[in-house]
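First the structure, in the form of structure tokens, and then the observations on it.
The chains referred to below are lettered A, B, ... by the order of the sequence lines, with proteins before strands, and numbering in each begins at 1. Every heavy atom of this structure was used, including side-chain atoms; hydrogens, water molecules and symmetry mates were not.
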Protein chains: 2
Amino acid sequence: MATLNRPGSDGGEHICGIDTAMDIIGGKWKVLILWALHEYPHRRFGELRRMVPGITEKVLASHLREMEADGIVDRVSYDEVPPRVEYALTKDGIRLNDALEPLAVWGRERREREEASGSAPSEDTAS
Amino acid sequence: MATLNRPGSDGGEHICGIDTAMDIIGGKWKVLILWALHEYPHRRFGELRRMVPGITEKVLASHLREMEADGIVDRVSYDEVPPRVEYALTKDGIRLNDALEPLAVWGRERREREEASGSAPSEDTAS
DNA sequence: CTGCATCCGTTATGATACTG
DNA sequence: CAGTATCATAACGGATGCAG
């Protein structure tokens, strides 16, 4: 959860609900898992592992557990002989993904500009 | 939309635009600094330090330097007898803050729900 | 197939003191 | 006032092996 100390944001000065969000998606692969789950409603463990190359089982399982504890991922375990577990986004997870969309757009545009400018962004203030 | 590209193609590069954004705001205090700068166009070092209680000078300076290198913060140094340095958001930083807004809303709603439910979020799947 | 445990390296963060 | 330097620690991520 948000372990961040916040200044007195009691009024309506500035909203720092971002802390909460950042704490949840702060993991290195969290957003990728989120996105993978966004594509399909149900994903199996092995599928997720394949969709996020480079991630290890430990990290994937760990992130999955955290996301489940955070209520953005739902875990469904089928008690079958070949173990089968499916993960899905909760409603809150879907909303999180939607909230992540503008950020994705920003990052994409930014990277395009970086590649065009040779990663030397020198913009002046816009105040 | 975000069909996951393989990170192995570039050797651990960014997959979707979110990675780029997450890499920039990934610091523990980055979003708070961002928000502090969003309130006022120009902030001095000491002001930022006061606005983000708990942060140390080292971390603040470090984050500030990173954000400046990322082109989202502009540093203006006045060559005066009492040293004065002001930080401001660049246009890109402002757009980043705008992109962060939905996430802030999500986090705020979530926190309210958490506090209401006793921090035991258990939502069902919404597939 | 799913998922956990252990060890280990890297990085991020923190505390304190010091300098221009 | 605005940083920097050094040291210490904790958190995160990764590799491997094991268990149900």
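When the side chain to side chain contact (heavy atoms under 4.5 Å, CB included) test is applied to B:Arg65, the partners found at least two apart in sequence or on another chain are B:Ala61, B:Ser62. Checked against side chain to side chain contact (heavy atoms under 4.5 Å, CB included), A:Glu47 has the following partners two or more places apart in sequence or in another chain: A:Arg43, A:Arg44, A:Arg50. Residues passing the salt bridge (charged side-chain N to carboxylate O under 4.0 Å, His left out) test with B:Glu66, sequence neighbours excluded: B:Lys30. Qualifying side chain to side chain contact (heavy atoms under 4.5 Å, CB included) partners for A:Arg49, counting only residues two or more places apart in sequence or in other chains: A:Glu57, A:Leu60. Take B:Arg75 and apply the salt bridge (charged side-chain N to carboxylate O under 4.0 Å, His left out) test, not counting sequence neighbours, and it matches no residue. Residues satisfying the side chain to side chain contact (heavy atoms under 4.5 Å, CB included) test with A:Glu109, not counting sequence neighbours, are A:Val105, B:Arg95.
Taking five base pairs at each end of the helix from C:dC1-D:dG20 to C:dG20-D:dC1, the local helix axes there meet at an angle of 40°, rounded to 10°.
Atom pair B:Glu80:CD and D:dA2:P shows a separation of 11 Å (rounding to whole Å applied). As a whole-Å value, the separation of B:Lys30 NZ from C:dT11 C1' is 13 Å. If you take CG of B:Asp79 and C1' of D:dC1, they are 14 Å apart, rounded to a whole angstrom.
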Practice task
Take B:Glu86 and B:Arg84, measure what salt bridge (charged side-chain N to carboxylate O under 4.0 Å, His left out) needs, and give me the verdict at the end.
Solution key: CA-CA 7 Å; B:Glu86 286 186 351; B:Arg84 188 158 67 102; 3.1 Å; yes
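A:Thr20 and B:Arg111 share a donor-acceptor pair across their side chains, judged by distance under 3.5 Å alone.
Side-chain contact between B:Asp74 and B:Leu89 is absent, with no heavy atoms from C-beta onward closer than 4.5 Å. A:Leu32 has its side chain out of reach of A:Ile55: every pair of non-hydrogen atoms, C-beta onward, lies at least 4.5 Å apart.
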Are any protein N/O atoms closer than 3.5 Å to N/O atoms in nucleotides 11-14 of chain D? If there are, list each pair with its distance.
| residue | atom | partner | partner atom | Å |
| --- | --- | --- | --- | --- |
| D:dG13 | OP1 | A:Lys28 | N | 2.6 |
| D:dG13 | OP2 | A:His63 | NE2 | 3.2 |
| D:dG14 | OP1 | A:Lys28 | NZ | 3.4 |
| D:dG14 | OP2 | A:Trp29 | NE1 | 3.0 |
| D:dG14 | N7 | A:Lys58 | NZ | 3.4 |
| D:dG14 | O6 | A:Lys58 | NZ | 2.1 |

Below 3.5 Å between N/O atoms, which protein atoms pair up with nucleotides 1-3 of chain C? Just atom names and distances, please.
| residue | atom | partner | partner atom | Å |
| --- | --- | --- | --- | --- |
| C:dC1 | O3' | A:Arg44 | NH2 | 3.2 |
| C:dT2 | OP1 | A:Arg44 | NE | 3.2 |
| C:dT2 | OP1 | A:Arg44 | NH2 | 3.3 |
| C:dT2 | OP2 | A:Gly46 | N | 3.1 |
| C:dG3 | OP1 | A:Arg75 | NE | 3.0 |
| C:dG3 | OP1 | A:Arg75 | NH2 | 2.5 |
| C:dG3 | OP1 | A:Tyr87 | OH | 3.2 |
| C:dG3 | OP2 | A:Tyr87 | OH | 2.7 |

